[in-house]
Amino acid sequence: MKISFSVNEVPHSIEIKDENTPLLWVIRDMLHLKGTKYGCGKAACGACTLHVDGEAVRSCSYAVKFAEGKKIRTIEGLGTKENPHPVQQAWIEEIVPQCGYCQPGFMMATAALIDKIPEPTDDDIDRNIINVCRCATYYRMRKAIHRAAQIQRTTSKTME
Amino acid sequence: MKTIPHSIPIILLLVGGILMTAIYSRGVVSSYSSTTIPNNEVLKDTPFDKMMQVLTHERCINCHPNDNIPKQGKDSHPHYFGMKRGEDNLGFTATQCTTCHQPENNDYSGVPGAPHWSLAPKSMGWQGLDKYEIAKAMLDRAKNGNRSHDELVHHLTEDSLVLWAFDPGVDHEGIPRETPPISEAEYKAAVIAWFENGAIIPKE
Amino acid sequence: MAKEKKKVSRRKFLIRGGLGTLGVLAIGTYVFRNTIRRQIAGMVDTAEAPYLGNTDSPLIWFEITKDNKVILYSPKVEMGQGIFTGLAQVAADELAISMDQIKVAHAPSASGNLDDFATGGSTSMSSLWQPLRELAATMREMIKAEAAQKLGVSVGSLSVKDGIISGGDKTITYAEAATNVVDWDIPDTPTLKDIKDYQFIGKPFSRVDLRDKVFGTPLFGMDATMPDMLYGAVVRPTVIGATYIDADTSKAENMPGVVKIVKEADFVGVVANSMLEAENAKNAIVVTWDIPKVWQTQDIEAMIEVGKGKPYVIQKEGSPKELLKEDEKLIVSEFKSPIGAHAQLEPNGALAFVEEDRATVMMSTQVVKITRNEIAKRLELDEEQVNIVPTFLGGGFGRRLHTPNGIQAAVLSRAVGKPVKCFLTRKEEFQNDTFRPPTHHVLKAKLNGKGLIEAIEHNVSSGDVAWGSPMLPSILETIMGADLGAWRGGMIQYGAIPNYRAISWRVKLPFATSWWRSLGLLANTFAIESFMDELAVKAGKDPVQFRLDQIQDDNRGYRLKEVIKAAADKAGWTNQIVAGRAMGFAASTDVNTPCAQVAEVSIVDDEIKVHKVTCAMDPGLVVNPDQVKAQCEGAIIMGMSASLFERMYVADGQLQPTIYGPYEMALMKHAPKEIDVVLLQNAEAPGGVGEPPLGPIGAAIANAVFRLTGQRLREMPLKLA
């Protein structure tokens with residue numbers, strides 16, 4: 001089966017036998033973008049979170065056939081070292097990661113959150129950010145989420 | 001020496017697992033009140049009773065909660081990770097039902113799915129109601145989304161999210177979820193028959 | 001280019017004590033083993049950790065690159081603890097280069113830079129503090145010697161800064177000085193700089209791996225790739241004690257994408273073209289297991305009971321046994337902790353490529369050398385023919401001290417002659433973990449007329465933690481009996497109490513139990529420090545003052561008192577309930593690092609809510625205060641997670657649950673909104689950091705709950721009645 005979609009604004013057309021293959025494995029092993037992580041394969045930990053048409057999606061539980069015609073964004077397309085996304089900038093400022101494995105999933109979830117709620121409260125964060133971090137970097141992460149929202153608000157104001 | 005076929009569900013283990021879950025997740029269990037109606041009455045064969053065997057099953061009730069918390073599993077425990085109804089029954093603003101649930105069941109992840117996966121509106125909170133109360137609520141246009149009988153029949157027999165109950169997929173261990181006690185065809189026939197006969201709620 | 005063979009070594013080595021020494025001591029004195037056991041227990045508890053790897057030559061540690069940077073090849077792995085950053089600071093200071101000029105990479109085993117122990121036990125910085133500075137200073141002098149020759153001036157006339165050597169009116173970079181050097185002369189270890197002269201040590205530098213981790217760079221074992229790579233899957237037992245007998249693979253053989261079914265004497269696996277095809281085929285294999293017994297939770301609980309198994313006295317002062325006879329003054333309390341899973345986010349696995357006379361294995365491991373030796377043994381290769389290329393770890397916590405997954409990937413690769421990547425699924429992780437053993441504690445004490453403790457005793461029953469690990473000499477197990485991981489944190493730290501003892505009851509459980517960040521510290525501290533709180537209440541004393549009053553006047557006691565006072569001061573300690581919130585206090589000493597914590601707790605919707613944790617810790621000299629704080633913050637929340645939520649159980653032979661969610665863990669919403677860390681530095685060298693702050697949190701929360709509700713919670717995970 002042929003499925004077409006874009007990843008980080010690059011169009012891809014893939015040929016795949018099992019159309020129910022989780023998007024995660026297509027992204028990681030066919031398109032070689034390793035930033036999206038396998039943590040549980042059961043949509044429980046959030047390490048595989050990416051964006052599909054701007055919405056946070058757990059890609060281990062998303063059959064690739066549903067990606068037809070969609071715009072996918074992964075951590076590799078969030079920002080660059082030269083031009084980091086506000087979430088990445090905030091993560092750097094607060095020195096959030098420890099082992100780092102779960103962090104792309106958290107950052108993608110956060111990017112979706114501050115797009116929809118530009119000034120999230122602690123309650124907004126508690127409700128929407130429900131990924132699992134075993135190093136338990138939650139304390140710095142909360143600070144970084146508030147900071148990311150602030151950077152994004154400032155940036156979008158400047159652009160207006 | 002015993003032989004255990006790999007990845008083939010073993011009923012005993014399944015039952016054991018559920019019992020043990022109930023025993024050992026006290027923290028979770030104690031935080032909500034039990035909602036399933038004890039099904040100790042003699043099962044009758046009327047269209048009403050047949051229909052209600054489905055509508056009172058946890059496959060239906062888990063997403064018709066009387067609070068804002070979706071339920072999961074045979075023991076109807078609160079949805080893990082604190083997922084709740086949200087403003088429009090679709091979850092929270094950025095982390096929605098569809099962050100994990102897609103239009104179909106996902107057999108790889110064990111995450112169930114169907115089109116427009118969501119909680120039933122609060123007015124349709126059936127959890128904790130008996131079958132007569134559910135029927136009353138279902139016919140009440142103030143609670144049922146202002147649906148006529150025809151529209152109700154359509155919803156109950158055609159809506160893919162409702163009918164998901166008969167094809168609920170597998171869980172995170174690959175074990176098939178339990179389906180309601182009667183088949184989809186029997187259920188549909190019962191719904192149609194009950195409405196054709198005037199949707200009369202029997203006396204308790 | 002500076003990685004050439006050394007010519008001569010005139011280097012003198014400082015002989016350091018260590019576990020090797022303990023082994024020798026132990027053999028010679030086997031007959032006095034009760035006394036010796038307590039002495040060794042004391043040594044293990046207080047001694048500085050030695051570094052057990054090769055420090056002969058700086059050339060296996062450092063590489064100077066053409067752009068005048070230095071790569072430090074670390075035998076310790078980066079699993080989140082920030083060790084690469086700390087080691088970079090330490091090395092850069094003695095190398096006289098800037099922080100921008102140092103990079104840190106994992107040392108592949110083929111480089112010969114191997115650690116005989118492991119990355120674990122909070123020992124990485126404390127053990128490398130001295131040898132790494134010596135190695136860096138030696139490397140610097142070696143480069144200077146080459147520079148002197150190239151510049152034609154004397155070494156004594158040279159000065160160095162930021163990787164540039166100046167002599168007279170000439171300058172030369174490290175890279176230029178090192179160019180074309182084949183035979184390096186390794187001098188005696190130079191005098192190290194004075195600590196006050198260090199520019200980087202002690203400063204809060206950002207993590208050296210931060211940007212890679214923020215931009216999704218492939219770093220982890222699971223991200224590793226090789227050309228023509230295939231994917232493997234291994235059928236793993238779901239039932240405790242199951243031994244592989246045979247497998248029916250007929251159905252799997254014809255599944256899509258299957259390259260080969262691999263049947264070994266001890267396992268069956270499959271190699272396929274994709275991860276998913278390998279998994280699907282694996283699930284079609286029907287294995288016959290030998291299952292001697294179907295275990296249940298109650299079987300395990302019945303085994304873990306003080307009084308059962310074999311007791312070992314690991315600490316004794318005065319006459320506690322005689323004084324703690326049963327009468328109306330005897331106070332007895334019991335506590336329990338459950339089976340804990342590591343639940344690290346990156347599953348175990350490996351990417352292996354086995355060729356005829358060599359093997360390359362890329363993987364996350366905490367025991368590079370042991371992993372290499374085990375794979376070599378299985379493949380019947382020489383150890384030097386196997387190269388382990390360590391990757392960044394997606395969490396360690398002790399889960400990667402046991403690495404059969406490396407062997408499995410290697411065996412699959414050998415069977416197909418291609419690189420094979422093979423990982424555990426999450427369910428397999430949960431059911432094949434090396435768990436934190438459950439514990440049962442019985443504490444006894446008597447108070448004297450002044451309301452102080454006259455005698456106290458801690459009994460802990462636990463499954464094994466350290467024994468059976470290839471990291472430790474088995475002679476230690478013979479001598480010690482008591483498991484040194486199980487009683488970590490289990491000794492009485494209030495040395496002014498006249499009579500005390502600690503007894504470890506050893507139990508062998510039917511499933512694998514092992515090191516879980518801080519080992520026995522969390523459970524032992526939960527028990528002892530909850531009991532201390534109980535005794536303070538019985539004595540009618542303030543729990544903080546009650547502790548301070550019973551600490552001995554020596555250096556260890558001084559450091560413990562200082563962290564207790566600092567935590568209480570910083571938290572604004574009060575014994576009163578203020579605005580619905582109460583404070584709970586606890587302290588512990590682990591790997592010579594005392595730590596005290598105050599938890600500020602309320603009850604919200606019938607659940608325990610931790611609002612704020614104040615932590616004072618004295619790990620000695622702090623190399624990177626920001627990362628030490630990060631370790632405290634993470635350890636506090638991870639310890640909270642284990643104390644409030646986590647629990648594995650056994651149902652019909654299976655360890656359950658097998659997924660996050662049902663295995664309940666702390667999430668963002670549970671994390672305290674305030675964590676206040678105070679670092680004291682009352683020792684000259686760096687001590688352990690990664691585990692000590694995990695100690696007090698469980699007891700601190702439980703003690704706060706008692707103040708709020710009057711309920712003394714005696715079992716983790718802590719749940720209100």
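Side-chain atoms are counted along with the backbone in the values below, which use heavy atoms only and exclude waters and symmetry mates. Proteins get letters first, then strands, A, B, ... in listed order; numbering begins at 1 in each. All figures in this text were calculated on a predicted structure; none of them were measured in a lab.
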Review point. Is there a donor-acceptor pair under 3.5 Å between the side chain of Thr99(B) and the backbone N or O of Ala56(A)?
Key: yes
Practice item. Inspect the surroundings of CD in Glu15(A) and state if more than 12 heavy atoms from other residues, nucleotides or ligands are less than 6.0 Å away. Key: yes
Point to revise | Any Val57(A) side-chain heavy atom under 4.5 Å of Gln102(B) side chain | key: yes
Point to revise | Side chain / backbone / both / neither for Ile117(A) at chain B, heavy atoms under 4.5 Å | key: side chain
Exercise for review: Please say whether more than 12 non-hydrogen atoms of neighbouring residues, nucleotides or ligands are located less than 6.0 Å from CD in Glu68(A).
Suggested key: yes
Study note, to complete from the structure: To the nearest 0.5 Å, atom CD1 of Ile130(A) lies from atom SG of Cys100(B) at 6.5 Å
Check your understanding: Heavy-atom count around Lys116(A) NZ within 6.0 Å, excluding the residue itself: above 12?
Key -> yes
Exercise for review: Under 4.5 Å heavy-atom distance to chain A, tell me which part of Gln96(B) shows up: side chain, backbone, both or neither.
Suggested key: side chain
Practice item. Take Arg58(A) and Val111(B) through the test side chain to side chain contact (heavy atoms under 4.5 Å, CB included) and record every step on the way to the result. Key: CA-CA 11 Å; Arg58(A) 294 188 171 183; Val111(B) 175; over 6 Å; no
Review point. Counting heavy atoms not belonging to Lys65(A), are there more than 12 under 6.0 Å from its NZ?
Key: yes
Exercise for review: For residues Asp18(A) and Tyr108(B), determine if any side-chain heavy atom of one lies less than 4.5 Å from a side-chain heavy atom of the other.
Suggested key: yes
Exercise for review: Can you tell which part of Val132(A) gets under 4.5 Å to a heavy atom of chain B, answering side chain, backbone, both or neither?
Suggested key: side chain
Revision key, fill the gap. d(His101(B) NE2, Ser61(A) OG) to nearest 0.5 Å is 8.0 Å
Practice item. Heavy-atom pairs under 4.5 Å with chain B are the metric here; pick the option from Ala44(A), Pro120(A), Ala112(A) that has the most. Key: Ala44(A)
Exercise for review: Evaluate whether atom CD of Glu158(B) has more than 12 neighbouring non-hydrogen atoms of other residues, nucleotides or ligands under 6.0 angstrom away.
Suggested key: yes
Review point. Is there a donor-acceptor pair under 3.5 Å between the side chain of Lys42(A) and the backbone N or O of Glu173(B)?
Key: no
Practice item. Determine the option with the most heavy-atom pairs under 4.5 angstrom with chain B, choosing from Gly41(A), Ala109(A), Gly46(A), Cys40(A). Key: Gly41(A)
Exercise for review: Measure the CG-CZ distance between Asp123(A) and Phe92(B) for me, rounded to the nearest 0.5 Å.
Suggested key: 10.0 Å
Point to revise | Atom NZ of Lys143(A) with >12 non-hydrogen neighbours under 6.0 angstrom | key: yes
Check your understanding: Does Arg127(A) reach the side chain of Thr95(B), with side-chain heavy atoms less than 4.5 Å apart?
Key -> no
Point to revise | Interchain contact, Tyr62(A) with chain B, by part (heavy-atom threshold 4.5 Å) | key: both
